[in-house]
Chemist: 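Would you mind keeping the following structure in view while I ask a few things?
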Amino acid sequence: MYWAAEGDSGGGREYEDIMLRRVPAAVASRFRGAAGARGFTHAQYLTALVSLHEAMRKRADEGDADVAAALQQLGLGTVSI
């Protein structure tokens with residue numbers, strides 16, 4: 001389930017609040033630990049993970065078969081949004 005908190009301010013916002021539910025306990029623990037070990041907030045760590053995914057997606061789309069296979073195995077194949 002995905003929740004987003006939206007304020008009354010008009011126009012685009014630079015930041016948005018999100019809440020994730022039903023994250024497996026082991027994954028949540030690893031996420032918190034990995035963020036904390038790097039001195040990142042959860043938002044900073046999530047931002048870095050999204051940037052990593054975008055970089056790997058670019059490599060896969062440019063022909064890196066190993067990266068493409070790894071992303072496909074994780075269900076992170078190319079999509080259009």
Side-chain angles (χ1 to χ4, degrees):
M1 181 176 284
Y2 170 81
W3 290 87
E6 297 187 23
D8 293 333
S9 61
R13 293 183 312 237
E14 186 176 355
Y15 297 100
E16 189 171 312
D17 294 332
I18 62 173
M19 181 179 75
L20 303 174
R21 294 183 47 108
R22 301 195 50 83
V23 176
V27 172
S29 178
R30 287 175 33 210
F31 181 87
R32 286 190 304 271
R38 290 168 174 81
F40 286 1
T41 65
H42 293 170
Q44 289 169 323
Y45 189 56
L46 179 59
T47 299
L49 291 175
V50 169
S51 295
L52 173 63
H53 175 249
E54 289 172 347
M56 293 301 100
R57 184 75 263 143
K58 184 175 186 280
R59 282 183 55 178
D61 291 344
E62 290 173 348
D64 188 322
D66 291 335
V67 171
L71 290 172
Q72 192 66 35
Q73 184 178 15
L74 293 168
L76 298 172
T78 300
V79 297
S80 296
I81 44 176

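Along the sequence shown, residues are numbered consecutively beginning with 1.
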Chemist: Which residues satisfy the salt bridge (charged side-chain N to carboxylate O under 4.0 Å, His left out) test with E62, sequence neighbours excluded?
Modeler: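 E62: salt bridge (charged side-chain N to carboxylate O under 4.0 Å, His left out) contacts with K58.
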
Chemist: Using salt bridge (charged side-chain N to carboxylate O under 4.0 Å, His left out) as the criterion, list what pairs up with R59, not counting sequence neighbours.
Modeler: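 D64.
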
Chemist: Does V67 sit in a hydrophobic cluster with other residues, and if so which ones, taking ILVMFWY side chains as linked at heavy-atom separations under 4.5 Å, directly or through other members?
Modeler: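 L52, M56, L71, L74, L76, all in the cluster of V67.
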
Chemist: Output all residues satisfying side chain to side chain contact (heavy atoms under 4.5 Å, CB included) with A43, sequence neighbours left out; order by chain, then residue number.
Modeler: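 With sequence neighbours excluded, A43 shows a side chain to side chain contact (heavy atoms under 4.5 Å, CB included) to T41, given in chain and number order.
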
Chemist: I'd like to check the side chain to side chain contact (heavy atoms under 4.5 Å, CB included) partners of R32; sequence neighbours left out, ordered by chain and number.
Modeler: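 Testing R32 for side chain to side chain contact (heavy atoms under 4.5 Å, CB included), a comparison that skips the adjacent residues, returns A28, S29, H42.
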
Chemist: Would you mind reporting whether F31 and L49 have side-chain heavy atoms less than 4.5 Å apart?
Modeler: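 Yes, their side chains come closer than 4.5 Å.
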
Chemist: Restricting to pairs with a member in residues 70-79, which pass side chain to side chain donor-acceptor pair (under 3.5 Å), not counting sequence neighbours?
Modeler: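 Checked against side chain to side chain donor-acceptor pair (under 3.5 Å) - neighbours excluded - the pairs reaching residues 70-79 are R57-T78, D61-T78.
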
